[in-house]
Amino acid sequence: MLYKKRTHTCGELRALHIGQSITLTGWVDTRRDLGGVIFIDVRDRYGKTQVVFNPQNHEAIHALAKELRTEFVISVSGTVEKRPAGTENAKLLTGEIDVLADGLTILNKAETTPFPIEDKLDTNEDLRLKYRYLDLRRAPMQQNLLLRHKMYQITRRYFDEHNFIEVETPILMKSTPEGARDFLVPSRINPGKFYALPQSPQTYKQILMVAGYDRYFQIVKCFRDEDLRADRQLEFTQIDVEMSFVDEIDIQTIVEGLMQRFMKEIKGIDVITPFPRLTYKEAIEGYGSDKPDLRFDLKFSDFSAMVKDSGFKVFADNVKKGGVVAGFTVPGGASYTRNQMDNLVEFTKSLGVGGLAYIKLTEKGIETAIEKFLGAELCKNICDIAGAKTGDLVLIISDAWQKAYTTLGVLRLEMAKRLNLIDDNKWNLHWVVDFPMFDYSEEEKRHVAMHHPFTSPKPEDAHLLDTDATKARARAYDLVMNGNEIAGGSIRIYDSALQSKVFGLLGIGPEEAKMKFGFMLDAFRFGAPPHGGIAFGLDRMAMLFAGVKSIRDVIAFPKTASGISLMDENPSEVDKKQLDELHIKLK
RNA sequence: GGGGUCGUAGCUCAGUUUGGUUAGAGCGCUUGCCUGUCACGCAAGAAGUCGAGGGUUCGAGUCCCUUCGGCCCCGCCA
């Protein structure tokens with residue numbers, strides 16, 4: 001079809017264009033047919049411009065404009081005019097002018113859309129996902145994708161300036177036993193063998209260090225076959241970084257520089273470096289999370305020592321077993337009704353702990369069901385330690401160290417939400433450091449790497465690997481923004497003997513290590529430099545910068561919580577012929 | 001694997017508690033009128049597998065069972 005190409009975008013025209021003959025292309029956003037004159041807002045990703053069809057100006061074009069409906073694709077030509085006094089639209093950047101049409105081509109018609117293309121859309125997410133191309137026409141979604149684009153550009157510019165080189169690593173890689181469940185890809189040429197999609201390019205980037213590429217970065221898709229969440233997709237994007245001849249501070253400094261750049265260029269905010277550091281222990285014992293949200297306080301207190309020899313068996317026995325009794329103060333919480341407290345207790349129990357104890361500090365003094373076990377004085381002391389004032393409420397949990405604190409951590413977040421303590425305009429960035437090397441997996445009955453199996457222990461803790469490995473701390477660090485883990489990394493092991501030892505502690509014997517990671521151990525025998533790195537969750541960062549609740553809103557084509565792409569109905573069944581070629585038989 | 005919640009017109013929702021007339025509203029859509037609107041206005045109209053299947057009942061949107069799907073959370077996510 002012949003049509004006039006645009007001379008300007010729909011967000012471009014201003015008073016200075018008045019009198020010019022121009023052409024716009026785009027979608028019909030709204031039409032207002034007043035019988036005589038017809039107004040059309042034509043929209044593209046740059047903005048909206050009002051076009052006027054006046055029968056006195058051009059009768060045939062006006063007649064054609066009668067046919068226009070929402071989301072028709074048009075090319076429209078005309079003269080830029082100053083709007084009559086009093087009819088300017090301050091809501092549009094182009095609102096000072098409109099275009100008096102003298103030419104119109106309908107490039108394509110559109111059926112009525114399943115939902116309106118508007119900024120403040122109120123509809124179910126499954127519809128938005130099914131008709132993603134319509135959802136992506138909306139300005140907020142276009143801004144989100146533009147934000148991502150900006151992040152890619154900032155990242156590439158920043159690392160290039162700092163002498164990093166971008167290297168692509170394979171998408172078809174070797175399956176590794178550790179970590180998340182792999183996505184497997186059957187090999188047609190090698191019957192019975194499988195590639196895996198990378199959970200991260202970890203091994204490749206370390207081998208690039210051995211190869212002498214001392215500063216590497218990549219914006220890279222990663223894949224993990226685990227259950228999805230608001231902030232987790234099966235495939236997601238990392239900014240992957242690795243450096244040689246560095247320690248923690250070197251990596252963190254580079255990261256802080258990039259974060260400064262992001263904050264400045266995206267949010268217009270100057271952030272101060274270096275960011276505060278919290279040890280893992282401080283984070284858990286203070287806030288119940290390895291990614292604490294420090295935009296608000298609600299810090300925990302430990303009551304274990306006080307209640308250890310009290311008459312309250314539940315508390316005392318737990319502490320004697322090595323558990324903790326801890327809690328925090330809810331400002332103004334003493335006014336909670338019985339119903340509200342029951343609700344809170346139920347919420348806590350749903351998190352998998354036995355219960356929630358609490359003390360209200362009212363005008364009349366302490367009010368609590370545990371007074372009869374602990375005595376008034378001890379209850380008062382607990383309130384003092386927790387910093388509770390009259391009118392406050394102290395929540396207390398007694399359980400094993402990890403369980404008690406992580407449950408308090410969830411409660412802390414819940415209370416912050418209920419009390420509206422989270423300031424959305426606040427940006428909090430901090431490091432969590434000194435993670436343990438290992439975590440014990442009840443399910444697998446063995447130690448698993450807290451970060452990953454290539455993470456180096458802290459030199460002063462290296463001896464613990466031979467005696468009490470669970471106490472050994474790793475040279476690992478996470479970057480936390482507003483209670484979200486947005487980056488995590490470590491200084492790696494570069495000594496093959498130490499690497500073998502760590503594999504051993506993870507229950508990976510010499511044979512298995514050779515089979516699964518032999519190539520890495522080999523590489524380390526030929527001159528591996530000290531190295532370390534980090535990886536950012538780009539989607540999560542984009543979500544926070546965009547101020548949205550789910551990473552689905554910053555991903556062009558995301559999947560649902562059950563891993564389905566509603567638009568193209570993926571995953572789907574395949575022909576038997578395809579399976580045969582891949583030597584696969586369905587159960 | 002488990003828990004919670006939602007599913008009624010194209011969209012957002014009411015109706016479900018206590019089964020009973022022809023399942024309603026707003027927006028959108030269609031048609032007509034309307035020459036400065038911008039959430040245009042006015043008038044009329046069309047539009048329903050009450051997510052699906054089964055059951056109880058004289059009768060089911062409503063009660064029971066099964067199932068599918070969306071969202072949130074726990075587990076899981078080196």
Side-chain angles (χ1 to χ4, degrees), chain A residues 29-41 48-57 62 69-71 81 83-92 94-95 98 100 111-131 134 176-182 198-200 202-203 222-234 236 346-347 349-353 403 406-407 410 413-414 435 437-439 441-444 447-455 474 476 485 488-490 502 506 508 535 537 549-550 552 559-562 564 566:
Chain A
D29 192 67
T30 48
R31 76 189 167 105
R32 293 175 292 278
D33 184 346
L34 272 60
V37 70
I38 300 171
F39 296 97
I40 297 288
D41 287 340
K48 293 177 194 175
T49 302
Q50 176 167 275
V51 178
V52 187
F53 296 91
N54 192 320
Q56 284 166 351
N57 182 59
H62 175 266
R69 293 293 181 274
T70 308
E71 300 311 313
E81 289 188 322
R83 291 199 190 189
T87 65
E88 300 88 353
N89 185 350
K91 284 187 228 161
L92 287 183
T94 59
D98 54 27
L100 182 61
E111 291 176 19
T112 303
T113 53
F115 53 84
I117 313 301
E118 60 190 16
D119 292 2
K120 285 186 181 156
L121 181 64
D122 177 25
T123 194
N124 275 318
E125 196 174 351
D126 50 347
L127 258 192
R128 292 175 51 203
L129 290 172
K130 179 165 183 197
Y131 301 96
L134 298 180
T176 52
E178 290 291 297
R181 198 175 290 116
D182 277 330
Q199 299 171 29
S200 89
Q202 187 62 35
T203 51
C222 299
F223 307 84
R224 295 179 189 175
D225 189 3
E226 299 291 347
D227 287 359
L228 300 89
R229 286 282 195 287
D231 64 348
R232 274 164 33 191
Q233 284 272 306
L234 300 178
F236 59 99
E346 277 315 304
F347 175 78
K349 282 184 178 167
S350 77
L351 301 173
V353 292
K403 190 80 212 169
T406 51
T407 306
V410 177
L413 275 180
E414 179 66 20
F435 281 82
M437 281 287 284
F438 306 106
D439 214 1
S441 165
E442 283 297 335
E443 199 177 324
E444 299 179 56
H447 288 107
V448 292
M450 189 114 177
H451 184 55
H452 60 51
F454 317 111
T455 302
E485 181 200 328
S490 64
V502 169
L506 292 169
I508 304 172
K549 295 261 180 286
S550 158
R552 290 186 299 272
K559 291 173 182 62
T560 66
S562 50
I564 292 166
L566 294 174

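Throughout, protein chains are lettered first and strands after them, A, B, ... in sequence-line order, and every chain is numbered starting at 1.
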Would you check if there is a donor-acceptor pair between the side chains of A:Asp182 and A:Gln199 at a distance under 3.5 Å?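 Note: A:Gln199 and A:Asp182 side chains meet the donor-acceptor criterion.
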
Under a 3.5 Å threshold, yes or no: a donor from one side chain and an acceptor from the other, between A:Gln202 and A:His452?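 The answer is yes; a qualifying pair exists.
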
Just checking A:Pro84: base, sugar-phosphate only, or nothing, at a heavy-atom cut-off of under 4.0 Å?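 It contacts base atoms.
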
Pick the [atom1] atom in [N] and in [M], then give their distance to the nearest Å.
{"N": "B:A44", "M": "B:U21", "atom1": "P", "result": "27 Å"}
{"N": "B:C64", "M": "B:G48", "atom1": "C1'", "result": "25 Å"}
{"N": "B:C34", "M": "B:G20", "atom1": "C1'", "result": "46 Å"}
{"N": "B:U12", "M": "B:C42", "atom1": "P", "result": "25 Å"}
{"N": "B:A14", "M": "B:A9", "atom1": "C1'", "result": "13 Å"}
{"N": "B:U17", "M": "B:C74", "atom1": "C1'", "result": "31 Å"}
{"N": "B:C50", "M": "B:U37", "atom1": "P", "result": "45 Å"}
{"N": "B:G69", "M": "B:C63", "atom1": "P", "result": "23 Å"}

Taking the minimum atom-to-atom distance to the side chain of [X], which one of [options] wins?
{"X": "A:Asp41", "options": "B:G70, B:G36, B:C38", "result": "B:C38"}
{"X": "A:Thr87", "options": "B:C38, B:U12, B:C77", "result": "B:C38"}
{"X": "A:Glu226", "options": "B:C38, B:U31, B:C76", "result": "B:C76"}
{"X": "A:Pro55", "options": "B:U35, B:C34, B:C29", "result": "B:U35"}

Any side-chain N or O of [X] below 4.0 angstrom from OP1/OP2 of [N]?
{"X": "A:Ser562", "N": "B:G70", "result": "yes"}
{"X": "A:Thr123", "N": "B:U12", "result": "yes"}
{"X": "A:Arg32", "N": "B:C40", "result": "yes"}
{"X": "A:Asn124", "N": "B:C71", "result": "no"}
{"X": "A:Arg181", "N": "B:G75", "result": "no"}
{"X": "A:Arg552", "N": "B:G70", "result": "no"}
{"X": "A:Thr560", "N": "B:G70", "result": "yes"}

Scan every strand shown for a Watson-Crick or G-U wobble partner of [N], both distances under 3.5 Å, and answer none if you come up empty.
{"N": "B:U62", "result": "none"}
{"N": "B:U37", "result": "none"}
{"N": "B:C42", "result": "B:G32"}

Using only heavy-atom distances, decide whether a donor-acceptor pair under 3.5 angstrom links the side-chain of [X] to the base of [N].
{"X": "A:Arg229", "N": "B:C71", "value": "no"}
{"X": "A:Asn89", "N": "B:C38", "value": "yes"}
{"X": "A:Arg83", "N": "B:C38", "value": "yes"}
{"X": "A:Arg224", "N": "B:C77", "value": "no"}

Spacing of A:Glu111 atom CD and A:Thr113 atom OG1 [to the nearest 0.5 Å]: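 Here the rounded value is 10.0 Å.
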
Calculate, to the nearest 0.5 Å, the distance between atoms CD and CZ belonging to A:Glu125 and A:Arg552 respectively.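 Here the interatomic distance stands at 4.0 Å.
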
Determine whether a donor-acceptor pair (N or O, by modelled atom type, separation under 3.5 Å) exists between the side chain of A:Asp33 and the backbone of A:Gly35.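 Side chain of A:Asp33 to backbone of A:Gly35, a donor-acceptor pair under 3.5 Å: yes, one is there.
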
Relative to each other, are the rings of A:His447 and A:Phe438 parallel, tilted or perpendicular (30° and 60° limits)?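 The arrangement is tilted - the two ring planes meet at 30° to 60°.
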
Closest nucleotide of RNA chain B for A:Lys403 versus for A:Leu566: which of these residues is on the 5' side?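 Residue closer to the 5' terminus by nearest nucleotide: A:Leu566.
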
Atom pair distance, as rounded to whole Å: [atom1] in [X] and [atom2] in [N]:
{"X": "A:Phe347", "N": "B:G4", "atom1": "CZ", "atom2": "P", "value": "15 Å"}
{"X": "A:Ile117", "N": "B:A39", "atom1": "CD1", "atom2": "P", "value": "18 Å"}
{"X": "A:Asp227", "N": "B:C71", "atom1": "CG", "atom2": "P", "value": "13 Å"}
{"X": "A:Leu34", "N": "B:C42", "atom1": "CG", "atom2": "P", "value": "13 Å"}

According to a cutoff of under 5.5 Å between the ring centres and under 30° between the ring planes, does A:Phe115 stack with the base of B:C11?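 According to the criterion (under 5.5 Å, under 30°), no, A:Phe115 does not stack.
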
